[in-house]
Amino acid sequence: MTVFTTPTSELVIPDPRTPWRNPRKALVSNATTAGFSVVIAILLYTLTGLDGLLGWYASFILGLLVVVAVQSVLQKSKHFTDRIASIMVTVGFASVLIPWISLITTVIQRGRHAIYVGFFTHDMLVNSMDEPLNMGGISHAIVGTLIIVGISTLIAAPLGIIAAIYIVEINGKAARTVRFLTQAMSGVPSIVAGLFIYSTVVITITHKNNALAGALALSVLMLPTVARTSEEVLKVVPRDIRDSSYALGATQLRTTFKVVLPTVRSGLITATILGIARVAGETAPLLLTSQYFVKMNTSIFTSPMASLPTYVFGALRTGTELSLARAWGGSFVLISIVVLLSVTARLLSGRSTGRK
Amino acid sequence: MSDTEVSPRALKVSRGTSDKVFRGFVLAGASFSVAVLGLICAFLLFRGFEIFKDFGFSFFTSSRWEAAADDGSSPAHYGVAAMLVGSIVVATIAVVLAVPFAMSVALYLEYYAPQKLKRLLVSLLDLVASIPSVIWGIWGYTILMPHAMGWSKTLNSWLGWIPLFKVPVPIFERSPFIAGTLLAMMILPIITAVTREVYSQAPRDQIDAAYGLGSTKWGAIKTVVLPFGKSGLVGGTMLGLGRALGETIAVYLVLNLVFKVNFHILASVGGNVASMIASRFGEAGPYELKALMAAGLVLFLLTLTVNFMASAIVNRSKKAA
């Protein structure tokens, strides 16, 4: 028989806590922590070789860590651990934003110098990369990217959607294997896709670098993205409407094409756009397949073709100040296209299937 | 009560011709897509077979990568040891740096961020995930590298006595550390995406139960969310590792390609298989091309293994949810 004893010395009844609200007491204590951290940060900043805004940030974080560590030793309570944790999580998150903001602002700031009207209408046939920025442009690269990505979409989007239909609609014996392998396929390094198409299409069939090879390489990379997103979209379709269709005597073929696919049309478009956004900026496979060409060129079989990523890469490798500015200009256009595609995809998907 | 068990009669499905054709067609399409994986393997092996035959196991253990001399005085020799080691070193740095941040971003988005901010931040994360690697590369080269060189010097002056941070020649440019830092930023979105999804599926009732027992928010996260999301985190990390191993252009721009096994991560000596292929491809003769195909096969199998493991882990963690 166990005898239960009540603690007689002191019965502590804690205040009811409101974990969802930031209490005033915590605010004061947060301010103390921040104050001490600033002091230590100033010390660190002057003593060590840290410099610039980033140096201030780093020394503040270091100071914060020191203060929090000292406080946690002095004051061992779970509420304190909780505060440390939320500080760490928030700091971790804030630190991640720094490179993102830096990248986006740098691309805009430096890219805008290279951009003028002719940037979108000229190619580089008569100009070299390190000529002044009011000559030459990227029209050939934009057209090239449109052609290459367009062809690869024509190949990869139907195949990806078919793979998704197999996984969700037909759900045959191999469905799990197909699903697993498409997942694994999304991890194929882009350079390997380029090597593969080079070793099959370029060496054996066309014997020269051309846009078609580039498009094929990109479609290898695009297919898994389309397949996976389409699969998610198809899964959202309620079973009931399929069953109703079957009950009316429709075949699976008609059910798929007349009932299921129309329901998720915008979802499938989203999947395709996400696939395009995935590959539009790929450089490595294009270096091996479609390479770069200075002139506007619409032949997909006979000669290399420029594309935005290879333009940026080429300008970067030229290595002069002006060519670097061109590279930033190209990056600006490229990133705008990719961001525009992603935002479109997101808006579409938010409207159609109500996915998170 | 009788022992007779009543079980549903097995349904016999008879499909019409149109359905048979349709199902056959879809199966063919799906198999074709998946067969690409096999084709990649087969073709790279076919093209690179001569290299494996000529150099055998030394292709993996030697780090010399030399074309034959024009006068025939020295034969060609190809080995990927240095590049393999380089790939793993750079990818490991990336993962080590990225995982703590990815965890805190995932936790912040799921449990700390204000609801209104959360949607915006998730879209931002998706946007960052779609930034092309060549743009990461140009940013890494012009903006990150000057900063990272400063960090390298600080690290070296304080921790230089550890072999890992030793620098034989005081050049801090284009080092594995810088490449790893850049890759960490590039793979963070994918690790975060997977981790966040699993964290968001953590059982709400258990979290509420933890609160009900007087736990703090961190207490609830530590006892419910983190154990629940462990395999998701591991899976996401493996996916990120796969990405980092196969990254080409960004690494090409910020890492100095030297065919030498190097563990001094701050020194300007390194390389990875993918960027080596990109940089040698332009000037490679027929025989070196075969060696590049062989190196591509090695890279392919390496990343495929990592990805297989990753998707197995992620699938398992999703099933458990």
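Just so it is clear, the structure is predicted and the values come from calculations on it, not from any experiment.
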Is there a side-chain contact between [X] and [Y], using heavy atoms and a 4.5 Å cut-off?
{"X": "Phe313(A)", "Y": "Leu253(B)", "result": "yes"}
{"X": "Thr200(A)", "Y": "Leu39(B)", "result": "no"}
{"X": "Ile131(B)", "Y": "Leu103(A)", "result": "yes"}
{"X": "Val34(B)", "Y": "Tyr166(A)", "result": "no"}
{"X": "Pro132(B)", "Y": "Leu334(A)", "result": "yes"}
{"X": "Arg110(A)", "Y": "Ile143(B)", "result": "yes"}
{"X": "Ile165(A)", "Y": "Phe22(B)", "result": "yes"}
{"X": "Leu287(A)", "Y": "Ile249(B)", "result": "yes"}

Once rounded to the nearest 0.5 Å, what's the spacing between atom [atom1] of [X] and atom [atom2] of [Y]?
{"X": "Ile155(A)", "Y": "Ser33(B)", "atom1": "CD1", "atom2": "OG", "value": "11.5 Å"}
{"X": "Ile135(B)", "Y": "Thr283(A)", "atom1": "CD1", "atom2": "OG1", "value": "8.5 Å"}
{"X": "Ser279(B)", "Y": "Arg317(A)", "atom1": "OG", "atom2": "CZ", "value": "8.0 Å"}
{"X": "Gln252(A)", "Y": "Arg15(B)", "atom1": "CD", "atom2": "CZ", "value": "5.0 Å"}
{"X": "Ser215(B)", "Y": "Asp82(A)", "atom1": "OG", "atom2": "CG", "value": "8.0 Å"}

Atom of [X], atom of [Y] and distance for their closest heavy-atom approach:
{"X": "Val134(B)", "Y": "Pro309(A)", "result": "CG2-O, 4.3 Å"}
{"X": "Ser186(A)", "Y": "Arg243(B)", "result": "O-NH2, 4.1 Å"}
{"X": "Val89(A)", "Y": "Ser104(B)", "result": "CG1-O, 3.4 Å"}
{"X": "Thr204(A)", "Y": "Arg47(B)", "result": "OG1-NH2, 3.5 Å"}
{"X": "Asp126(B)", "Y": "Arg346(A)", "result": "OD2-NH1, 3.0 Å"}
{"X": "Leu253(A)", "Y": "Ser18(B)", "result": "CD2-CB, 4.0 Å"}

Do you know which of [options] has the most heavy-atom pairs under 4.5 Å to chain A?
{"options": "Thr192(B), Leu292(B), Leu239(B), Thr142(B)", "result": "Thr142(B)"}
{"options": "Thr248(B), Val105(B), Asp19(B), Val36(B)", "result": "Asp19(B)"}
{"options": "Asn307(B), Leu245(B), Val122(B)", "result": "Asn307(B)"}
{"options": "Ile277(B), Val26(B), Val273(B)", "result": "Val26(B)"}

Is chain A contacted by the side chain of [X], its backbone, both, or neither, given a heavy-atom distance below 4.5 Å?
{"X": "Leu37(B)", "value": "side chain"}
{"X": "Leu302(B)", "value": "neither"}
{"X": "Leu144(B)", "value": "neither"}
{"X": "Val128(B)", "value": "side chain"}
{"X": "Tyr141(B)", "value": "neither"}
{"X": "Ile138(B)", "value": "both"}
{"X": "Thr303(B)", "value": "side chain"}
{"X": "Phe46(B)", "value": "neither"}
{"X": "Ser157(B)", "value": "neither"}
{"X": "Leu27(B)", "value": "both"}
{"X": "Ser130(B)", "value": "both"}

Under 4.5 Å from any heavy atom of chain B - which part of [X]:
{"X": "Leu316(A)", "answer": "side chain"}
{"X": "Val178(A)", "answer": "both"}
{"X": "Ser331(A)", "answer": "both"}
{"X": "Val279(A)", "answer": "neither"}
{"X": "Ile197(A)", "answer": "neither"}

Test side-chain contact (heavy atoms from CB on, under 4.5 Å) applied to Leu181(A) and Phe308(B), step by step: CA-CA 8 Å; Leu181(A) 289 177; Phe308(B) 271 145; 3.9 Å; yes
Of Tyr108(B), Phe101(B), Tyr112(B), the residue whose pairing with Phe93(A) passes ring-ring contact (aromatic ring centres under 6.0 Å, His included):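 Considering Tyr108(B), Phe101(B), Tyr112(B), a ring-ring contact (aromatic ring centres under 6.0 Å, His included) with Phe93(A) is found only for Tyr108(B).
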Derivation of the side-chain contact (heavy atoms from CB on, under 4.5 Å) call for Val192(A) and Ile40(B): CA-CA 8 Å; Val192(A) 170; Ile40(B) 293 177; 3.8 Å; yes
From CA spacing to verdict: side-chain contact (heavy atoms from CB on, under 4.5 Å), Leu188(B), Trp100(A): CA-CA 11 Å; Leu188(B) 186 122; Trp100(A) 297 357; 3.9 Å; yes
Check: Ser86(A)/Trp218(B) side-chain N/O donor and acceptor closer than 3.5 Å: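 Ser86(A) vs Trp218(B): no donor-acceptor pair found between side chains.
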Partner chain B: residue of Ser199(A), Ala85(A), Gly187(A), Ala184(A) with the largest heavy-atom pair count (under 4.5 Å):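 If we count pairs closer than 4.5 Å to chain B, Ser199(A) comes out on top.
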Top contributor to chain B contacts, counting heavy-atom pairs under 4.5 Å, from Leu288(A), Val312(A), Leu97(A):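 The answer is Leu288(A).
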Close aromatic pair by centroid cut-off 6.0 Å: Phe196(A) and Phe300(B):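 That pair fails the under 6.0 Å test.
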Parallel, tilted or perpendicular: rings of Tyr198(A) and Phe281(B) (30°, 60°):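 Judged by the thresholds at 30° and 60°, the geometry between Phe281(B) and Tyr198(A) is perpendicular.
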Other residues, nucleotides, ligands: >12 heavy atoms within 6.0 Å of Arg23(B) CZ: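 It does: Arg23(B) CZ has more than 12 such atoms within range.
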Flag if over 12 foreign heavy atoms under 6.0 Å of CE, Met149(B):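 More than 12 heavy atoms, drawn from other residues, nucleotides or ligands, come within 6.0 Å of this atom.
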